[in-house]
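Remarks on the structure that follows.
This is a predicted model, so every value here is computed, not measured.
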Amino acid sequence: MFKTLVNAFKQKDIRKKLLIILGIILVYRIGCWIPIPGLEAGAFSSIAGNETGFLDLLSSVSGGALANGSLLALGVVPYISASIIMQLLTVAIPALERLSKSGEDGRKKIALYTRIAALVFSIMQAVAIVVAFYGDGGDNCVINLDAFGAGTPVWIVPTIICLILVAGGMFTLWLGEKITDQGIGNGVSLLIFVGILSSAGSALLNAFQGVFSSDIDQLWNILIFVAILIVVFALMVFIDSSERKIPVQYAKQVKGRKMYGGQSTMIPIKVNSNGVLPIIFATALVTFPQLLTQMFWPESAFYAWWSNWLGTGTPLYFVFNAIFIFFFSYFYAQISFNPEDVSRNLQQNGGFIPGIRAGRPTTDYLKKINSRITLFGATYLAVIFIVPTLIFSLVQGPNTTSLMTAFSVTGMLIVVSVALEFDKQLDAQMLMKNYRGFLK
């Protein structure tokens, strides 16, 4: 990938696009550190640093913006929520499904609906944050009600904070779309990628500083932690690049004096076609009750019970996450790959799988292959979610606790998938540039 970046910077057009992307990322990172007036950043830090898991993920995705209580504290989280909901609605509502298959105009309308949903989620999340941090309005209130002068009405500061959070979330979405317009990767994904790397890099630097300043004996724990990280990253890259290629043969067709077809091709089915979505959904579903009760009813018996039995790191937490990972893996496999459509397209274009009859037998064969690959992919996600976390806990020390939060399995999966996709997009840009030069 580094070689690809070096070669890309040698080409003027691509170098210009990369510099624009770097400039947008710089603006985004600056916005992640500018605090919101009237909001105590320490409150964000204490909430995001809890062990609920899901807020840890949101904070790492935003590059620490949530913990900093910054202008861009919401980051891309509202857009992610809106995108997931729109994907589910596209399957559930026939009108949206037809719209998604109606070409470029349909995709633009879906994108518009997603932006509107992102705005709604931004408002909801901003209000929830302000309500949770407002406390009882007394000494426990983490919002400085006199930030704009003594005697300011009590509703002014919370309202302004809500508006700033919403504006920051939509501004982040706008920055992501501007990156996408450059044609090199998905902008929102790249912002998530940068946020996770920023959180991970800060945690790693702080861990080494803590070791050399206080306890040099903990250095081995960090080195073992880094070695495990390298192995996990290598496994993720290997699985993410793996795919099952189903051979397809096209029959020869004579039209007039010319012969068409007769070539061979492949149907690639990725082993982990679902990416990190099953883990995100599973983690959100298991941790949401604990997150909700901690924000609004921290003293309730339900919060204590859930934390003891289903809190992060408990045996039932891993069990339920594994079950939901399998469920969402199969759910998304049904959405992303339709054997009946593939079989129909093959038959209409004179294609067939060697040794398999066209029509229903081809559909059944593709269903069987897809089911097996989904089983392997779901098993991989469940194992990669549980095993590294358990191994990391074995080498946990005073200076590696923050590393476990920063280098979450979900975050690492996102980093790997975005990096590989960016590398492919960059290669495609360079190949297109070479073709244009050849034609000239």
Side-chain angles (χ1 to χ4, degrees), residues 1 53-54 57 60-61 76 80 83-84 87-88 90-91 185-186 188-190 192-193 195-197 200 228-247 266-286 318-339 341-342 365-392 407-428:
M1 182 177 180
F54 190 56
L57 173 62
S60 64
V61 163
V76 296
I80 294 174
S83 298
I84 293 173
Q87 287 183 19
L88 297 176
T90 301
V91 178
N186 181 278
V188 174
S189 298
L190 284 175
I192 296 173
F193 174 83
I196 293 175
L197 285 187
I228 296 172
L229 277 179
I230 294 174
V231 174
V232 172
F233 269 121
L235 177 62
M236 289 179 177
V237 172
F238 175 75
I239 297 295
D240 197 270
S241 305
S242 301
E243 58 186 15
R244 169 71 183 271
K245 296 180 178 180
I246 301 176
M266 299 283 184
I267 299 177
I269 303 179
K270 294 192 67 174
V271 172
N272 185 30
S273 60
N274 301 315
V276 74
L277 282 178
I279 292 182
I280 293 179
F281 263 26
T283 306
L285 204 59
V286 175
F318 290 112
V319 171
F320 278 98
N321 267 290
I323 293 173
F324 286 128
I325 285 172
F326 272 85
F327 171 78
F328 286 117
S329 294
Y330 276 93
F331 175 79
Y332 268 97
Q334 298 297 320
I335 297 175
S336 60
F337 185 80
N338 191 330
D341 289 345
V342 175
Y365 177 77
L366 291 174
K367 283 183 178 179
K368 182 177 69 174
I369 295 297
N370 188 46
S371 179
R372 289 178 178 177
I373 293 177
T374 303
L375 175 62
F376 182 85
T379 304
Y380 156 73
L381 288 177
V383 171
I384 207 70
F385 176 77
I386 296 173
V387 174
T389 304
L390 296 177
I391 295 177
F392 289 157
F407 288 94
S408 65
V409 173
T410 307
M412 289 190 290
L413 282 169
I414 293 174
V415 166
V416 169
S417 60
V418 173
L420 292 177
E421 183 62 27
F422 182 78
D423 185 61
K424 291 177 183 177
Q425 293 282 344
L426 206 54
D427 279 334

query = Taking C-beta and beyond as the side chain, do Glu421 and Ser189 meet within less than 4.5 Å on heavy atoms?
reply =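 When only atoms from C-beta onward are counted, Ser189 and Glu421 do not touch, as no gap falls below 4.5 Å.
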
ask   = Mind checking whether Ile80 and Ile192 have side chains closer than 4.5 Å, heavy atoms only?
value =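 Side chain of Ile80 against side chain of Ile192, heavy atoms only: contact under 4.5 Å found.
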
State the [atom1]-[atom2] distance between [X] and [Y], to the nearest 0.5 angstrom.
X	Y	atom1	atom2	result
Phe193	Phe422	CZ	CZ	8.5 Å
Thr374	Leu381	OG1	CG	10.5 Å
Ser329	Ile279	OG	CD1	8.0 Å
Ile246	Leu366	CD1	CG	5.0 Å
Leu285	Asn321	CG	CG	9.0 Å
Ile267	Lys245	CD1	NZ	13.0 Å

key: Those residues that, when tested against Phe376, pass side chain to side chain contact (heavy atoms under 4.5 Å, CB included) (two or more places apart)   =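 Checked Phe376 against side chain to side chain contact (heavy atoms under 4.5 Å, CB included); matches are Ile239, Val271.
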
ask   = Sequence neighbours excluded, which residues qualify as side chain to side chain contact (heavy atoms under 4.5 Å, CB included) partners of Lys367?
value =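 If we apply the side chain to side chain contact (heavy atoms under 4.5 Å, CB included) test to Lys367, skipping adjacent residues, the hits are Pro339, Glu340, Arg360, Thr363.
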
query = Would you say the side-chain atoms of Lys270 pair up with the backbone N or O of Ser242, donor to acceptor, closer than 3.5 Å?
reply =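 No; zero donor-acceptor contacts below 3.5 Å.
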
ask   = Counting N and O atoms only, with roles assigned by atom type, does the side chain of Ser241 sit under 3.5 Å from a partner on the main chain of Phe238, one being a donor and the other an acceptor?
value =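 No; judged by distance alone, with no hydrogens or angles, the pair does not exist.
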
key: Over all atoms of both residues, closest heavy-atom pair of Ala382 and Phe326   =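 Heavy atoms of Ala382 and Phe326 come nearest at CB-CE1, 3.9 Å.
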
key: Ala282 versus Phe324, closest heavy-atom pair with distance   =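 Smallest interatomic distance, heavy atoms only, reads CB-CB, 3.6 Å.
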
key: Derivation and outcome, side-chain contact (heavy atoms from CB on, under 4.5 Å), residues Tyr332 and Ser273   = CA-CA 9 Å; Tyr332 268 97; Ser273 60; over 6 Å; no

request  = Carefully, step by step, assess Met236 and Leu413 under the rule side-chain contact (heavy atoms from CB on, under 4.5 Å).
outcome  = CA-CA 7 Å; Met236 289 179 177; Leu413 282 169; 3.8 Å; yes

inquiry  = Can you classify the ring geometry of Phe331 versus Phe327 as parallel (below 30°), tilted (30 to 60°) or perpendicular (above 60°)?
reply    =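 Plane angle under 30°, so parallel.
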
key: Derivation and outcome, side-chain contact (heavy atoms from CB on, under 4.5 Å), residues Glu243 and Ile373   = CA-CA 9 Å; Glu243 58 186 15; Ile373 293 177; over 6 Å; no

